[in-house]
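Take a look at the structure set out below.
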Amino acid sequence: MKPILRRSMRQIGVRARRRLRESEAAFILLAAAIGAMAGMATLLQGWLAHELQHLLYGVTINRLSALGSIRHAWRLLALPLGGLLIVLMGMALAKRRRAPVDVVEANALHGGRIPAADNLVIAGQTLISNGCGASVGLEATYAQMGGGIASLLGQWLRLRRADLRTLVGAGAGAAVGAAFSAPLAGAFYAFEIVIGAYSTISVAPVIAAALAAALIMREFGVEPYLIATTARRAFAGFDYGLYAILGLICGVAGIVIMRLVTLAERLLQRFTRASRWRPLLGGLLLMPLAWLSPQTLSAGHGALHIDLLIRPSISFLLLILLLKVAASVISLASGFRGGLFFASLFLGSLLGQAFGEIVNLNPWGIAIDPNDAALVGMAALSVSIVGGPMTLALLMLETTHDFALMGVVLAAALVSGALTREAFGYSFSTWRLHVRGSEIRSPRDIGWMFSLTAAKLMRRDWISVAESTSVADFRAQVPLGSTSKVVLVDEAGRYRGIVPTSAAYAPDLPPDQPVASIAILPDTSLSPDTGIKAVLQSFDSATADELAVTDDKGATMGIISEKHARRRYLEEIEAAQRGMFGES
């Protein structure tokens with residue numbers, strides 16, 4: 001029975017793959033199913049995090065950051081306890097020699113492929129971090145599980161690289177959209193932050209996934225995430241100028257926060273002998289911050305609403321801003337898992353509200369609504385840290401239902417994003433990958449550049465001669481016209497340069513002269529794992545038309561011509577462009 005069942009499953013899989021390749025409608029239905037599963041995963045993870053906060057802090061229907069104060073100081077031991085759990089998880093995973101692959105990295109480098117274990121590791125660590133009260137959000141694990149589900153199903157169906165990347169983006173965007181009941185924001189999260197490009201062929205599956213996830217949340221009775229705003233007012237040109245200034249301030253603040261996380265991480269690594277214990281130390285450092293203000297706990301959902309409602313003083317807003325920045329920096333630098341998506345929204349609301357209150361102190365009668373400034377600040381700071389101006393603009397629209405606000409939100413978001421790209425060049429997720437040594441600047445697919453290595457480009461039909469060979473012997477072994485270049489090797493077979501055949505046949509060259517004297521590029525070669533980008537740079541710096549590929553012992557493995565390398569590079573670029581438009 002089992003062989004028959006396995007054979008039937010294989011046949012079903014083959015038919016499904018063929019159908020998905022041939023039918024756009026089938027692919028859209030698959031994306032909608034992924035969206036529904038992503039919505040379910042988001043619902044489950046949110047429930048698990050809230051239950052953990054209920055267990056540790058006694059929180060019931062309220063958000064953790066909405067607590068007025070911590071009545072029992074011993075409950076703050078949940079922070080180092082959570083850090084200890086992260087440490088133990090790290091010890092259990094110590095045999096893994098690589099960091100888990102997140103959705104942005106997967107789409108940029110691995111064609112959307114995410115190992116199943118990586119999804120569970122990231123989800124588990126993020127839920128513990130958020131549940132114990134560390135200043136990180138759950139959006140990272142929502143996106144990870146949504147994209148991870150899509151990746152696993154897409155790999156099982158053996159989807160093409162471009163289709164798998166689209167499906168992973170759709171799953172991640174659907175999960176984030178489900179968290180806010182904002183399907184349009186979720187769709188643009190997929191386009192701007194996970195896929196890295198907007199194409200007509202990917203619109204339908206991405207939006208189908210986002211809508212399916214939002215419907216799942218609605219069916220389970222989850223209330224949409226809404227923020228009340230001032231209604232029935234218009235913005236003048238002067239208002240746009242003020243909010244553009246707020247966008248500049250938010251752009252600078254976003255860069256400072258991202259830099260602080262890296263600086264704090266390096267300091268903690270320097271002053272702690274065992275870096276694996278950093279989460280425990282981070283939990284201890286977070287305790288006094290949480291005692292000063294519970295608004296530093298978790299991502300800040302409840303605190304955001306409270307501050308918009310009660311309109312606290314400028315000094316209070318700036319104090320909470322500093323405490324929350326410190327809590328976020330410590331949480332991430334010490335090794336708690338999570339993202340800054342909602343934390344950046346909360347920080348932006350504090351910065352924007354403080355900006356509005358300060359502007360209103362002027363003696364010339366210039367006034368703006370601090371709540372409007374808070375909403376604009378939310379979008380502007382999040383664009384600087386998270387990226388995706390349309391994602392955040394649509395999130396503001398879907399959570400406020402305020403079309404009049406959209407103009408100034410877009411103005412501030414575009415200013416903030418432009419400043420961040422010009423002065424910094426990274427979003428938080430890509431910056432973290434850059435610190436680890438990656439070349440990723442966006443989620444655009446550059447994985448093919450790393451898979452197109454010197455070992456794949458080289459040809460193996462090369463001719464070699466010993467470095468002790470004379471010109472006369474060379475001419476006897478290598479007839480003129482048989483090959484353009486010959487590899488020179490020593491007695492142990494190690495690479496010693498390249499001899500142009502035409503140079504060895506120069507009329508004024510003495511026959512008894514060693515051919516090694518006319519060899520070129522004796523100290524220039526490529527390793528087999530050199531990527532295409534580095535290969536082309538090597539050709540430019542060496543001003544050569546052929547380079548040798550050598551192993552770690554110096555032995556020649558093959559030869560690459562510049563003409564072939566550039567042709568393959570252009571072919572891969574063309575293939576990537578075709579994939580954006582859904583062509584095979």
Side-chain angles (χ1 to χ4, degrees), residues 184-185 188-189 192-193 227 229-259 304 307-308 311 314 317-318 321-322 324-325 340-428 431 442:
L184 288 178
F188 273 87
Y189 182 94
E192 294 184 307
I193 297 172
I227 301 174
T229 64
T230 305
R232 298 177 184 175
R233 77 293 192 224
F235 294 98
F238 189 77
D239 296 322
Y240 279 82
L242 287 175
Y243 286 122
I245 294 172
L246 177 56
L248 286 173
I249 295 172
C250 288
V252 173
I255 295 171
V256 169
I257 290 170
M258 290 187 279
R259 288 284 189 185
L304 187 150
D307 291 343
L308 289 177
R311 294 195 176 186
I314 297 174
L317 290 168
L318 294 178
L321 177 66
L322 293 175
K324 186 64 179 178
V325 168
L340 283 177
F341 191 101
F342 199 92
S344 64
L345 290 174
F346 178 41
L347 290 169
S349 73
L350 294 171
L351 186 57
Q353 197 170 355
F355 175 83
E357 297 287 0
I358 291 171
V359 167
N360 291 341
L361 294 176
N362 73 88
W364 304 287
I366 299 171
I368 59 175
D369 190 309
N371 271 20
D372 289 346
L375 294 167
V376 173
M378 287 171 65
L381 186 59
S382 294
V383 166
S384 177
I385 294 176
V386 179
M390 285 303 300
T391 301
L392 273 303
L394 287 170
L395 179 62
M396 290 298 101
L397 176 61
E398 291 183 286
T399 55
T400 64
H401 297 175
D402 189 342
F403 285 91
L405 189 68
M406 290 306 297
V408 290
V409 165
L410 278 172
L414 292 175
V415 169
S416 174
L419 175 64
T420 304
R421 286 192 301 274
E422 182 69 23
F424 193 61
Y426 297 90
S427 65
F428 182 70
W431 171 243
S442 75

Check: L345 and M396 side chains under 4.5 Å, non-hydrogen atoms: yes
Considering all heavy atoms, the nearest A185-T391 contact: O-CG2, 3.5 Å
Under 3.5 Å donor-acceptor, S416 side chain and A412 backbone: no
Heavy-atom pair with the smallest gap, counting every atom of Y243 and D369: OH-O, 4.0 Å
E192 side chain to M390 backbone, donor-acceptor under 3.5 Å: yes
Flag, side chain of S349 to backbone of A374, donor-acceptor distance under 3.5 Å: no
Intermediate values then yes/no, side-chain contact (heavy atoms from CB on, under 4.5 Å), V386 and L340: CA-CA 7 Å; V386 179; L340 283 177; 5.5 Å; no
Distance in Å, L381 CG paired with I249 CD1, rounded so as to fall on 0.5 Å steps: 11.5 Å
Nearest heavy atoms of L394 and M406, plus distance in Å: N-CE, 4.4 Å
Inter-residue atom distance M378.CE - T400.OG1, 0.5 Å rounding: 9.0 Å
Side chains of L392 and V409 in contact at under 4.5 Å (non-hydrogen atoms): no
Atom of V415, atom of G247 and distance for their closest heavy-atom approach: CG1-C, 4.1 Å
Minimum heavy-atom distance G356-I368, with the two atoms named: CA-CD1, 3.7 Å
Rounded distance (nearest 0.5 Å) linking atom CG of L317 with atom CD of E357: 7.0 Å
Steps toward side-chain contact (heavy atoms from CB on, under 4.5 Å) verdict (L361, I314): CA-CA 11 Å; L361 294 176; I314 297 174; 3.8 Å; yes
Min side-chain heavy-atom separation V376-L405 under 4.5 Å: yes
Value rounded to 0.5 Å, distance of CG in L321 from CD in Q353: 11.5 Å
Close side-chain approach of V252 and I255, heavy atoms under 4.5 Å: no
Reported CD1-to-CG distance for the pair I366 and D239, which is rounded to 0.5 angstrom: 9.5 Å
Between CD1 on residue I245 and OH on residue Y240, distance to nearest 0.5 Å: 15.5 Å
Residue pair I385 / I257, side-chain heavy-atom distance below 4.5 Å: yes
Residue pair L419 / S384, side-chain heavy-atom distance below 4.5 Å: no
Close side-chain approach of V359 to F355, heavy-atom, < 4.5 Å: yes
Closest approach of L410 to A393 (non-hydrogen atoms, all atoms of both residues): CD2-CB, 3.5 Å
Flag side-chain contact, heavy atom, 4.5 Å: R311 against N371: yes
Steps toward side-chain contact (heavy atoms from CB on, under 4.5 Å) verdict (D307, F346): CA-CA 10 Å; D307 291 343; F346 178 41; 3.6 Å; yes
